[in-house]
Enquirer: 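Could you have a look at this structure, given as structure tokens, before my questions?
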Amino acid sequence: MSTMMRQVVLASYAKGSPVAANFRVEQAPIPTPGAGEVLVRTLWLSLDPLIRFALDEVRITGATHLHPGDVIYGGTISQVVASHHPDYAVGDYVEGRTGWREYAALDPIKADPVRGALRKLDPELAPLETALGVLGMTGQTAHACMVGIGRVAADETVVISAAGGAVGTIAGQIGKLKGARVVGIAGGADKCAAVRALGFDDCVDYKAPDFAEQLKAAVPGGIDVYVDNVGGDVTLAVMPLLKYRARMPVCGYIAYYGVGMEGPGPDHLPGFFRMIMSKGLELRGFGGQFVGGDAAIAELAVWLDSGRISYPVTVVNGLENAAATFCESFIPGNSHIGKVLVKIAAP
Ligand SMILES: NC(=O)c1ccc[n+]([C@@H]2O[C@H](COP(=O)([O-])OP(=O)(O)OC[C@H]3O[C@@H](n4cnc5c(N)ncnc54)[C@H](OP(=O)(O)O)[C@@H]3O)[C@@H](O)[C@H]2O)c1
């Protein structure tokens, strides 16, 4: 076996949307696990917009902040190949945030400062990679948007931005299970067609010149729940259509991830807060995995197992393609559908 591995490190802090030049693929020795540690081999890598928070020169929010030369932070599915820990055996499959590298040596109990221990997976229960999507953080987030925070009920109207993404594709299907009318917003005719094929009642292309009018026509009675994944102009078009006492899970705001605390001006905040007050809106920011918890995974597993929801994925092969594919996620109207994964190795 080779003693060297590949890893992706931060080459430079991202300014605005990330670009491939912010990342560098390099060779490094395969680490040796110390006392109490395990050596894991990466099988799958999850590309999540939240990684962008770790790439700012000055940390604003987010648990992880990287410096040039650091391995890029990110969720993975791995297999234990050496173990000095009694609870983790060689051959075990685990999920954690072990980063953009082919191998990692770490204490499996303190693997992540926020989420704690590596989560053991049973490949008999579900395909391993679902633990990064529908049965993982993005599934928990979709569940939190629709169940925990959105409290979506039958016959309500739900609008979901970034509807073709990992969170949106699952959130929309949960909305249909709850008996709601579900309208997605996505970039481009092809992505809207893919969103409708998942069972959404409608999907509106935010790149269309008459987007605001199309959205208004798609929700004639107004909006009860708006799952905001995007912010910016998309959310400004949604605002006037919110009903009195609408709920708005503020899940993400990818349109602004590159602009730090500055943001393009004017920021519309005075009008926005007036609307919060006068429409009695409930807005709540949240970490989906903490709201959804284990109960969300259990319920999603039942829905997946019974075929009531499906699990769209976009898969690319090889660590060398991780950075370019991650950067594409920040290009509005990209070709990604569902959870974006990088296949690193076969089990
Ligand atoms: N609160 C939490 O716990 C939590 C957890 C997971 C994710 N999130 C957030 O939820 C959002 C969706 O995450 P995800 O995992 O579903 O992401 P994803 O699968 O990577 O999808 C992101 C999609 O956002 C759209 N997009 C990108 N830039 C845009 C812009 N400027 N304007 C409009 N749309 C844009 C693109 O789709 P189009 O082709 O349609 O433009 C892109 O494919 C992100 O903001 C993410 O940070 C929050």
Side-chain angles (χ1 to χ4, degrees), residues 1-9 25-48 51 64 71-140 166 289 292-298 300-302 304-305 311 313-322 338-347:
M1 182 176 118
S2 165
T3 58
M4 300 297 284
M5 66 167 189
R6 288 180 309 163
Q7 60 186 20
V8 183
V9 301
V25 180
E26 61 179 31
Q27 296 280 323
I30 295 175
T32 304
E37 291 190 337
V38 294
L39 178 68
V40 296
R41 177 173 177 245
T42 309
L43 307 179
W44 289 94
L45 176 63
S46 176
L47 299 182
D48 294 287
I51 295 167
T64 304
V71 173
I72 303 295
Y73 165 82
T76 57
I77 305 294
S78 310
Q79 190 165 27
V80 177
V81 292
S83 178
H84 300 314
H85 194 287
D87 297 341
Y88 291 80
V90 170
D92 281 353
Y93 294 105
V94 291
E95 182 258 323
R97 293 194 178 162
T98 64
W100 293 22
R101 50 187 162 185
E102 290 175 313
Y103 291 86
L106 71 172
D107 179 338
I109 305 300
K110 298 181 192 153
D112 184 278
V114 179
R115 300 163 75 238
L118 293 177
R119 171 166 67 122
K120 282 204 213 176
L121 304 173
D122 181 348
E124 301 294 321
L125 290 182
L128 287 171
E129 64 273 23
T130 58
L132 293 174
V134 62
L135 300 182
M137 187 272 287
T138 51
Q140 287 171 309
Q289 58 194 319
D294 293 343
I297 300 274
L300 286 158
V302 170
L304 192 64
D305 201 40
Y311 171 48
V313 284
T314 297
V315 176
V316 294
N317 286 301
L319 194 58
E320 66 280 10
N321 292 314
K339 179 71 206 157
V340 186
L341 296 169
V342 184
K343 190 167 191 179
I344 307 292

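Hydrogens, waters and symmetry mates play no part in the numbers below; they use all other heavy atoms, side chains included.
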Enquirer: Please name the pair of heavy atoms, one in S78 and one in V40, separated by the smallest distance, quoted to 0.1 Å.
Expert: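 The answer is CB-CB, 3.6 Å.
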Enquirer: Please list, chain by chain and in numerical order, all residues satisfying side-chain contact (heavy atoms from CB on, under 4.5 Å) with A345, sequence neighbours excluded.
Expert: R41, L43
Enquirer: Measuring from atom CD1 of I51 to atom CG of L45, what distance do you get when rounded to the nearest 0.5 angstrom?
Expert: 7.0 Å
Enquirer: Using side chain to side chain contact (heavy atoms under 4.5 Å, CB included), reason through V316 and V342 one step at a time and then give a plain yes or no.
Expert: CA-CA 5 Å; V316 294; V342 184; 3.8 Å; yes
Enquirer: For the residue pair I77 and A131, what are the closest heavy atoms and their distance?
Expert: CD1-CB, 3.7 Å
Enquirer: Who pairs with A105 by side-chain contact (heavy atoms from CB on, under 4.5 Å), at least two apart in sequence or on another chain?
Expert: P31, P33, E37, L39
Enquirer: Checking A295 now: which residues fulfil side-chain contact (heavy atoms from CB on, under 4.5 Å) with it, not counting sequence neighbours?
Expert: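 A295: no side-chain contact (heavy atoms from CB on, under 4.5 Å) contacts found.
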Enquirer: If the condition is ring pair (Phe, Tyr, Trp, His ring centres under 6.0 Å), which residues does W44 pass it with, not counting sequence neighbours?
Expert: none
Enquirer: Write down the atom of V38, the atom of L118, and the distance for their closest heavy-atom approach.
Expert: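 In terms of heavy atoms, the two residues are closest at CG2-CD1, 4.2 Å.
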Enquirer: Might you point out which heavy atoms bring D122 and E124 nearest each other, and give the distance in Å?
Expert: OD1-N, 2.9 Å
Enquirer: Going by the rule side-chain contact (heavy atoms from CB on, under 4.5 Å), which residues pair with V90 if we only count those two or more places apart in sequence or in a different chain?
Expert: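 So V90 forms no side-chain contact (heavy atoms from CB on, under 4.5 Å) with any residue.
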Enquirer: Working to the nearest 0.5 Å, report the span between CG of L47 and CG of L341.
Expert: 7.5 Å
Enquirer: Can you list everything that forms a side chain to side chain donor-acceptor pair (under 3.5 Å) with Q140? Sequence neighbours excluded, please.
Expert: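 Side chain to side chain donor-acceptor pair (under 3.5 Å) list for Q140, sorted by chain: empty.
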Enquirer: Could you grab the distance from atom OG1 of T138 to atom CG of L132, nearest 0.5 Å is fine?
Expert: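 Separation between the atoms: 8.0 Å.
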Enquirer: To the nearest 0.5 Å, how far apart are OG1 in T130 and OH in Y311?
Expert: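 Going from the OG1 atom of T130 to the OH atom of Y311 covers 6.0 Å.
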Enquirer: Considering all heavy atoms of both residues, which atom of L135 and which atom of A126 are nearest to each other, and what is their separation?
Expert: CD1-CB, 3.7 Å
Enquirer: Under the salt bridge (Lys or Arg N to Asp or Glu O under 4.0 Å) rule, collect the residues that match up with K110, sequence neighbours excluded.
Expert: none
Enquirer: Are any side-chain N or O atoms of S83 and backbone N or O atoms of Y88, one a donor and one an acceptor, separated by less than 3.5 Å?
Expert: yes
Enquirer: With a 4.5 Å heavy-atom cut-off, do I344 and Y103 have their side chains touching?
Expert: no
Enquirer: Over all heavy atoms of both residues, which pair between Y73 and W100 is shortest? Give the atoms and the distance, please.
Expert: O-NE1, 3.5 Å
Enquirer: Find the distance between CG (L106) and OG1 (T98) and round it off to the nearest 0.5 Å.
Expert: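 So the CG of L106 and the OG1 of T98 are separated by 7.0 Å.
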Enquirer: Salt bridge (Lys or Arg N to Asp or Glu O under 4.0 Å): which pairs involve residues 96-109, sequence neighbours left out?
Expert: R6-E102
Enquirer: Rounded to the nearest 0.5 Å, how far apart are CE of M137 and CZ of R119?
Expert: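 M137 CE to R119 CZ: 11.0 Å, rounded to 0.5 Å.
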Enquirer: Can you list everything that forms a salt bridge (Lys or Arg N to Asp or Glu O under 4.0 Å) with D92? Sequence neighbours excluded, please.
Expert: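 Scan of D92 (salt bridge (Lys or Arg N to Asp or Glu O under 4.0 Å), adjacent residues dropped) gives K120.
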Enquirer: What residues form a side chain to side chain donor-acceptor pair (under 3.5 Å) with Y93, not counting sequence neighbours?
Expert: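 Counting only residues at least two positions away or on another chain, Y93 forms a side chain to side chain donor-acceptor pair (under 3.5 Å) with Q79.
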Enquirer: Any side-chain to backbone donor/acceptor pair from N321 onto N317? Under 3.5 Å, distance only.
Expert: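 It does hold such a pair.
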Enquirer: Can you name the residues that form a salt bridge (Lys or Arg N to Asp or Glu O under 4.0 Å) with E129, not counting sequence neighbours?
Expert: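 Per chain and number, E129 pairs via salt bridge (Lys or Arg N to Asp or Glu O under 4.0 Å) with no residue.
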Enquirer: Output all residues satisfying side chain to side chain donor-acceptor pair (under 3.5 Å) with S46, sequence neighbours left out; order by chain, then residue number.
Expert: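 Expected list: D48, K339.
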